[in-house]
2 protein chains.
Amino acid sequence: MQFDEAKNKFVQTWGALGSQWGINKTMAQIHALLMVSKEPVSMEDIMQELQISRGNASMNLRGLMDWGIVYKANKTGERREFFVAEKDLDELATKIAKERSKREIKPALKVLKEVSAVEGDNSADAKHFVEQTKKLHDFVSRADEMIDKVTEYKDNWLGKLMMKILK
Amino acid sequence: MQFDEAKNKFVQTWGALGSQWGINKTMAQIHALLMVSKEPVSMEDIMQELQISRGNASMNLRGLMDWGIVYKANKTGERREFFVAEKDLDELATKIAKERSKREIKPALKVLKEVSAVEGDNSADAKHFVEQTKKLHDFVSRADEMIDKVTEYKDNWLGKLMMKILK
DNA sequence: AAAAACTTTCAATTATTTTTGAAAGTTTGA
DNA sequence: TCAAACTTTCAAAAATAATTGAAAGTTTTT
């Protein structure tokens, strides 16, 4: 396989994987492109390579920066902005995990707590509902806590975690 | 909060959470409904409670069974089919993780391997591409392996994992 | 063996999400 | 201070995903 073909295949695949996990396909593609680019990339180049509009590029780059996994980079003598991806995979995974926790898991946990405090009703159905939502809250809380514990290892957390598991 | 209100809120929230993770909202809602139902639920009741069509219910129940997290249950003296969710959360999380690995992660890994074997081109860009995609393949492989290792603990794997981490 | 009871399938429709592109906004440098 | 260079915003359009419902399929009962 040639470089251009391989690069394109990688970008497409990463985009599809993102889609399957609820991430805008274009956002994932831009991220893919930046991940394999040695030098910072301009918005113009991103539009060019992915064949997307300026608005689309702008919005999705903003999105990636909000996730904390893409940064602006200034090239000396250049007026326009360039972009680079966080290339440290430990850091990348940590950022994604923490952001998903903050945006999606924690709000859901809040609701689980609320609904498991359903009052008054003593029917068997209501009791089972409380039991189940409490169990869910407990499980999801503990899983969410793990994100914090594991990412505290920082550098090479995946390797360190694997060591612990194998011990 | 009253039972009906709480149940509805839970179903809505679980549906929204599913959406954010790339799962059809209705599928996640049906799953939510089954998770908090004490008795097996008929397709009729699911349609009723979620206000959805027969086709929609049928297709999404099939989807949930394909994930291995919802089963058919026969009620004695009843002709039609009833459905129950896997209520063991360790088992539920294991099934989801293994299925996502199989459907989404492993195919992506295959592509990462392919593209990182890009041939011939000795440009700095191509070298960087190979380096990055190899790093990604390595990282994702190891994360994927962890799913297997961790779920080998089976019963209470989350608790056991937490113990290992804290030790 | 036929009808009744129920489930699945899928083409057409509807809803949702994503994308575009031009106008508005911002920054830089002449 | 102005205009050129660049970025952001957002309403409208396009693309994608989800849903419907009726016909076809299947199983059970009489």
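Quick note on labels: first sequence line is chain A, next is B, and so on, each numbered from 1. Just so you know, these numbers use all the heavy atoms, side chains as well, and skip hydrogens, waters and symmetry mates.
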Rounded distance (Å) that lies between atom C1' of D/dA18 and atom CD1 of B/I23
14 Å
In whole angstrom, what separates B/M43's CE from D/dT20's C1'?
14 Å
Quick one: do B/W67 and B/W14 end up in the same hydrophobic cluster if we chain Ile, Leu, Val, Met, Phe, Trp and Tyr together by side-chain heavy atoms under 4.5 Å apart?
yes
Measure from CD1 on A/I46 to P on D/dT7 and round the result to the nearest Å.
10 Å
Any side-chain N or O of B/N24 less than 4.0 Å from the OP1 or OP2 oxygen of D/dT19?
yes
On DNA chain D, compare the nucleotides closest to A/N56 and A/R79; which residue's is nearer the 5' end?
A/R79
Please determine if a side-chain N or O atom of B/T26 lies less than 4.0 Å away from the OP1 or OP2 oxygen of D/dT19.
yes
Using atom CD of B/E44 as one end and atom C1' of C/dA5 as the other, report the distance to the nearest whole Å.
11 Å
Does the distance from a Lys or Arg side-chain N to an Asp or Glu carboxylate O, for A/E44 and A/R54, drop under 4.0 Å?
yes
4.5 Å side-chain heavy-atom contact, B/S101 and B/K106
yes
Less than 3.5 Å between a donor and an acceptor, one on the side chain of B/R54 and one on the base of D/dT20, is that the case here?
no
Cut-off 3.5 Å, side chains only: do A/E152 and A/W157 have a donor facing an acceptor?
no
From CD of A/Q51 across to P of C/dG21 the rounded distance in Å is 11 Å
Please work out if A/R80 contacts a base, only the sugar-phosphate, or nothing of the nucleic acid, heavy-atom cut-off 4.0 Å.
sugar-phosphate
Under a 4.0 Å N-O cut-off, is there an ion pair linking A/D138 with A/R142?
yes
For B/R62 and A/S53, take the nucleotide of DNA chain C holding the closest heavy atom to each; which residue's nucleotide lies nearer the 5' end?
B/R62
In whole Å, I'd like the distance from the NZ atom of A/K25 to the C1' atom of C/dT20.
15 Å
Roughly how many Å is it from CZ in B/F83 to C1' in C/dC6, rounded to a whole number?
11 Å
Tell me whether the OP1 or OP2 atom of D/dT9 has a side-chain N or O from A/S58 closer than 4.0 Å.
no
Rounded to whole Å, CD of A/E78 lies from C1' of C/dG29 at a distance of 15 Å
